[in-house]
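Down below is the structure, laid out as C-alpha cells.
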Amino acid sequence: MRLSDLISSLPAGAEDAAVSGFAIDNRKVAPGTIFGAFQGARVNGEDFIPAAIAAGAIAVVARHEAKVDGALHIKADEPRRLFASLASQYYAPFPQTVVAVTGTNGKTSTVELTRQLWRMMGHSSASIGTLGVTTSVDQVSTGLTTPDIVTFLSNMAGLAKEGVSHVAYEASSHGLAQYRSEGLRVVAGAFTNLTRDHLDYHGTMDMYFAAKMRLFDEVLASDGTAVIWADDEDYSGAVIEHASLRKLKLITVGTKGTTLKLVSRTPTQLGQTLMIEAEGATHKVELPLIGAYQAANALTATGLVLATGGALKDVLGLLARVQPVRGRLERAVITRAGAPVYVDYAHTPDGLQAAIEALRPHTRGRLITLFGAGGDRDAGKRPMMGRVASDLSDVVIVTDDNPRGEDPQVIRSAIMAGAPGAREIGGRRVAIAAAIAEAGADDIVLLAGKGHEQGQIIGDRVLPFDDVTVARECAA
Ligand SMILES: CC(=O)N[C@H]1[C@@H](OP(=O)(O)OP(=O)(O)OC[C@H]2O[C@@H](n3ccc(=O)[nH]c3=O)[C@H](O)[C@@H]2O)O[C@H](CO)[C@@H](O)[C@@H]1O[C@H](C)C(=O)N[C@@H](C)C(=O)N[C@H](CCC(=O)O)C(=O)O
Ligand SMILES: Nc1ncnc2c1ncn2[C@@H]1O[C@H](COP(=O)(O)OP(=O)(O)OP(=O)(O)O)[C@@H](O)[C@H]1O
Ligand SMILES: N[C@H](CCC[C@H](N)C(=O)O)C(=O)O
Ligand SMILES: [Mg+2]
C-alpha cells in the first residue's frame with residue numbers, strides 16, 4: 001500500500017512512499033510508518049514528531065497547528081479519528097461480525113458470554129477486553145480494557161487471518177473518548193448500565209455518559225442493532241433515545257425489556273432459573289451462573305447473538321452450557337472450616353453491591369467482604385464503596401487494591417470514612433488470611449476488586465498477586 005492509496009489528493013511534490021505500518025508511539029516507528037501525534041492526558045504526542053520522523057515516519061497525522069518537518073503532515077481537526085480511519089484501511093480485512101459492549105460494569109462478562117454462545121453455535125469467535133484477546137484456544141493480554149487503536153486493529157486483522165468470523169469487544173469510556181476502537185464495521189452494540197466510575201478522567205457523570213454514547217451515535221453501523229439493558233432506571237431510557245435518533249434496530253432486555261423480558265429469577269444451588277418472555281412465549285432457562293448481575297449479562301449477550309443472526313430457541317438452550325467468567329464470582333476455595341471463598345472484580349459501588357447481593361442468597365451465616373480501591377483512579381467512589389459494603393455485609397475488611405502512585409493508607413482511610421465498624425488491614429495477603437481465619441462453616445467470604453488480575457501495582461512495580469492463589473494458600 002502507498003500513501004496515495006490512503007490519501008486521495010497527495011500535495012504536489014509529496015513523495016508517494018510505501019506505507020509499512022501505523023504507530024501512535026514514536027518508539028514504535030519503523031521506516032515507512034504513519035505516525036499519529038495526539039495530545040494526551042500525560043504528555044503531548046506532538047513533542048515526539050521529530051523523533052518519529054528521525055525513526056523513519058513518512059507521514060504524521062496531527063492537528064493543523066502541529067509542526068511537521070520532513071514528512072507529510074496529514075492535518076485533522078480530530079487527529080485520533082482520522083488516524084483510526086486511515087489505519088483501518090491499512091489493516092483491513094476484519095472479521096465479518098463485530099459487536100461492541102459498553103457500560104460501567106458487565107462488559108467483560110458480556111463479551112465473554114457472547115463469545116461462548118457463538119462458539120457453541122459453531123462460529124469461530126473471539127472477545128477483546130479486560131481479559132485480553134480470547135479465542136477458544138488462546139488468551140493474550142493487552143494490558144487495557146480497550147487497547148490502543150493500532151493494537152486493536154492489528155488484533156482484529158490477525159483474528160480474521162486465523163479464520164475468526166465473530167468478535168465481541170469491550171468499548172470502555174476511555175477507549176470511546178480516544179477513538180481507540182473503531183474504523184471497522186460494528187453491527188451491534190450493547191449497553192449494560194451506567195453508575196459512578198472514572199470521574200477522575202471524565203469529570204462529570206454527564207461527560208462519562210456522553211463518552212459511552214459515542215458507541216451508538218457514531219461507532220455503530222447505521223443499519224446496526226442496539227442491545228439495551230432496560231432496567232437501569234437512570235440511563236436506559238436515554239440510551240434508547242440515542243439509538244432511536246439514529247434509527248438503529250432495537251433489542252431491549254431485562255425485567256423492563258420487550259425483546260427478552262425477564263419475568264422471574266430463582267437462585268438454585270449451582271446457578272439460577274430464569275423465566276423469560278420472548279416472541280410470544282415463556283421460556284425456562286437454567287443458567288449455571290449465580291447472581292442477578294450475571295443473569296443480566298447473559299441476557300445482554302443473548303441479545304447480541306440474536307442481533308447477529310442467532311435463533312431465539314437455540315440461544316436460550318445454549319445458556320445452560322455457559323462456563324463461568326474468570327474472576328467474576330469465581331469460587332476460589334472452600335476453607336477448612338467449610339466457608340466458600342469467592343473472588344470478584346467489583347471495583348465500583350454498584351459492582352460491590354451486585355457482588356454482595358449475588359452471594360447473599362447462598363449465605364446461611366455471615367457474609368465477610370474484603371476489598372480496597374485502586375490508586376490514581378476516581379477517589380470519590382471510595383467512601384461510597386465503604387458504605388455499600390458495610391450496609392450489606394456482616395463483616396467488612398478494608399485492605400489494599402492496586403495503590404499505584406498513591407499512599408495505600410490514604411486510600412484505606414477514604415474507604416473507612418464510609419464504612420463504620422469495618423476492620424482496616426493493610427497488605428492484601430494478611431487481610432485475606434484474616435478474612436479466611438474469621439470465617440466459620442456457614443459463612444461466605446467475598447474478595448472483591450481484583451478478580452482475574454495477576455499482579456498488584458505498587459508504585460511503578462507490578463508484584464505477582466492473584467486473589468485465587470492467595471486464598472488457596474491461606475486456606476491450606
Ligand atoms: C488516561 C488514559 O486513558 N491513558 C491512555 C492513553 O493515554 P493518552 O492518549 O492520554 O497518552 P499520553 O500517555 O498522555 O501520551 C500522549 C501520546 O504520546 C505518545 N507518546 C508518549 C510517550 C513517548 O515517549 N512517545 C510517544 O509517542 C503516546 O503514545 C500517546 O499517543 O493512551 C495510552 C496509549 O494507548 C495508554 O497507555 C494510556 O493508558 C493509561 C496507562 C491508563 O492507565 N489507562 C486507563 C485509565 C484506561 O485506559 N482504562 C480504560 C478503562 C477501563 C474500564 O472500563 O474500567 C481501559 O480501556 O483500559
Ligand atoms: N450487569 C452488572 N450490573 C452490576 N454489576 C455488575 C454487572 N456485571 C458485572 N458487575 C460487577 O462488576 C464487576 C466487573 O464485571 P466485568 O468485568 O464483567 O465488568 P467490566 O465492565 O468489564 O469492568 P471493567 O470496567 O473493569 O472493564 C463484576 O465482578 C461484578 O462485581
Ligand atoms: N478497568 C478498571 C479496573 C479497576 C480494577 C481495580 N483492581 C483497580 O485497580 O482499581 C480501571 O482501570 O479503573
Ligand atoms: Mg472489563
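Note that the structure is predicted; figures quoted are calculated from it, not measured. Start at 1 with the first residue, then count along the sequence. Just so you know, ligand 1 is whichever comes first in the structure, and atom 1 is the first atom listed for that ligand.
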Parallel, tilted or perpendicular for Phe209 and Tyr235, by the 30°/60° rule? tilted
Quick note on ligand 3: atoms under 4.0 Å from a heavy atom of Glu453 include exactly 5 (C), 6 (C), 7 (N)
Could you tell me which atoms of ligand 1, counted from 1 in the order shown, lie closer than 4.0 angstrom to a heavy atom of Lys107? 54 (O)
What protein heavy atom lies closest to atom 10 (O) of ligand 1? Include the residue and the distance to one decimal. Ala41 N, 2.6 Å
For Tyr201, the ligand 1 atoms with a heavy-atom partner under 4.0 Å come out as 1 (C)
Which of the numbered atoms in ligand 1 are below 4.0 angstrom from a heavy atom of Ser172? 50 (C), 51 (C), 54 (O), 56 (C), 57 (O)
When you measure from atom 37 (O) of ligand 1 to every protein heavy atom, which one gives the shortest distance, and what is it? Leu144 CD1, 4.3 Å
Determine, step by step, whether Phe216 and Phe191 satisfy the ring-ring contact (aromatic ring centres under 6.0 Å, His included) criterion, reporting the C-alpha distance in whole Å, the side-chain angles of both residues, the deciding distance to 0.1 Å, and the verdict. CA-CA 9 Å; Phe216 302 98; Phe191 169 78; 7.1 Å; no
Is there a ring-ring contact (aromatic ring centres under 6.0 Å, His included) between His174 and His202? Walk through the geometry before answering. CA-CA 8 Å; His174 294 78; His202 297 287; 5.5 Å; yes
Enumerated ligand 3 atoms positioned under 4.0 Å from heavy atoms of Gly449: 5 (C), 6 (C), 7 (N)
Between Leu446 and Phe371, is there a side-chain heavy-atom distance shorter than 4.5 Å? no
Just to be sure I read this right, does ligand 1 sit under 4.0 Å from the backbone of Glu170, its side chain, both, or neither, counting only heavy atoms? neither
I need the atoms of ligand 1 closer than 4.0 Å to a non-hydrogen atom of Asp25, numbered in the order shown. 25 (N), 26 (C), 27 (O), 29 (O)
Heavy-atom distances under 4.0 Å are what count here, so tell me which part of Arg80 touches ligand 1: side chain, backbone, both or neither. side chain
In the protein, which heavy atom is nearest to atom 10 (O) of ligand 3, and how far is it? Gly374 CA, 3.3 Å
Can you confirm whether Tyr179 sits close enough to Ile149 that some side-chain heavy atom of one is under 4.5 Å from a side-chain heavy atom of the other? no
Does atom CZ (Arg360) have a neighbourhood of more than 12 heavy atoms from anything else shown, all under 6.0 Å? yes
Closest candidate by heavy atom, reference atom 13 (O) of ligand 1, pool Gln178, Glu46, Arg42: Arg42
Proximity of His198 to ligand 1 by residue part, where a heavy atom lies under 4.0 Å: side chain
Check whether any side-chain heavy atom of Thr134 sits under 4.5 Å from a side-chain heavy atom of Gln139, and report yes or no. yes
At what distance is the nearest protein heavy atom to atom 3 (C) of ligand 3, and which residue and atom is it? Tyr345 OH, 3.2 Å
With atoms numbered from 1 as shown, which atoms in ligand 3 lie under 4.0 angstrom from a non-hydrogen atom of Arg404? 8 (C), 9 (O), 10 (O)
What atoms in ligand 1 come closer than 4.0 Å to a heavy atom of Thr145? 52 (C), 56 (C), 57 (O), 58 (O)
Between Lys450, His452, His347, flag the one that comes closest to atom 2 (C) of ligand 3 by a heavy atom. His347
Could you tell me which atoms of ligand 1, counted from 1 in the order shown, lie closer than 4.0 angstrom to a heavy atom of Asp148? 35 (O)
Would a 4.0 Å cut-off, counted as strictly less than, catch a protein heavy atom around atom 1 (C) of ligand 1? yes
If you measure from the Lys or Arg side-chain nitrogens to the Asp or Glu carboxylate oxygens, is any gap between Glu112 and Arg115 under 4.0 Å? yes
What protein heavy atom sits nearest atom 19 (C) of ligand 1, and how far away is it? Ile24 O, 3.5 Å
Test of understanding: given a 4.0 Å heavy-atom threshold, classify the contact between His174 and ligand 1 as side chain, backbone, both, or neither. side chain
Beyond-backbone contact of Leu194 with Asp234, side-chain heavy atoms, under 4.5 angstrom: no
Shortest non-hydrogen contact from Leu131 to His452? CD2-CG, 3.4 Å
Hey, could you give me the CZ/CG distance between Phe48 and Asp25, rounded to the nearest 0.5 Å? 7.5 Å
So does Asp460 have more than 12 non-hydrogen atoms from other groups sitting under 6.0 Å from CG? no
Judged by modelled atom types alone, do Asn44 and Glu46 share a side-chain donor-acceptor pair under 3.5 Å? yes
Protein heavy-atom contact under 4.0 Å for atom 40 (C) of ligand 1? no
For Gly40, the ligand 1 atoms with a heavy-atom partner under 4.0 Å come out as 8 (P), 9 (O), 10 (O), 11 (O), 14 (O), 16 (C)
Under 4.0 Å between a Lys/Arg side-chain N and an Asp/Glu carboxylate O for Arg377 and Asp200? no
According to the interplanar angle, ranging from 0 to 90°, do the rings of Phe22 and Tyr90 count as parallel (below 30°), tilted (30 to 60°) or perpendicular (above 60°)? tilted
Any idea which heavy atoms bring Asp401 and Arg428 closest together, and the distance? CA-NH1, 4.1 Å
If we count only non-hydrogen protein atoms and require a distance under 4.0 Å, does atom 56 (C) of ligand 1 qualify as touching the protein? yes
Could you check whether atom NZ of Lys28 has more than 12 heavy atoms from other residues, nucleotides or ligands sitting under 6.0 Å from it? no
In Å and rounded to the nearest 0.5 Å, what is the CG to CG distance from Asn193 to Asp232? 6.0 Å
Is a donor from one side chain sitting under 3.5 angstrom from an acceptor on the other, for Asp77 and His64? yes
Hey, is atom 5 (C) of ligand 1 under 4.0 Å from any protein heavy atom? yes
With a cut-off of 4.0 Å, which atoms of ligand 3 are near a heavy atom of His198? 11 (C), 13 (O)
Among non-hydrogen protein atoms, atom 1 (N) of ligand 3 lies closest to Thr145 OG1, 4.2 Å
Note the single closest protein heavy atom to atom 17 (C) of ligand 1, along with its residue, its atom name and the distance in Å. Phe38 O, 3.5 Å
Here the gap from Met120 atom CE to Gln323 atom CD, rounded to the nearest 0.5 Å, amounts to 8.0 Å
Just to be sure I understand the cut-off, which residues have at least one non-hydrogen atom under 4.0 angstrom from an atom of ligand 2? Thr104, Asn105, Gly106, Lys107, Thr108, Ser109, Thr130, Thr145, Glu170, Asn193, Tyr293, Asn297, Arg328, Asp344, Tyr345, Ala346, His347, Asp350, Gly351, Ala354, Ala355
Which residue and heavy atom of the protein sit nearest atom 8 (C) of ligand 3, plus the separation: Asp401 OD1, 3.4 Å
Give the single entry among Lys28, Arg404, Arg180 that approaches atom 48 (O) of ligand 1 most closely by any heavy atom. Arg180
To the nearest 0.5 Å, tell me how far Ser127 OG sits from Leu159 CG. 9.5 Å
His347 touching ligand 1 at heavy-atom level, < 4.0 angstrom: no
Closest non-hydrogen protein atom to atom 11 (C) of ligand 3, residue and atom name please, with distance? Arg377 NE, 3.4 Å
Find all atoms of ligand 3 within a distance of less than 4.0 Å from any non-hydrogen atom belonging to Asn402, and give their numbers and elements. 7 (N), 8 (C), 9 (O)
Min over Gln39, Arg27, Arg377 of heavy-atom distance to atom 24 (O) of ligand 1 lands on Arg27
Atom CD of Glu65 with >12 non-hydrogen neighbours under 6.0 angstrom: yes
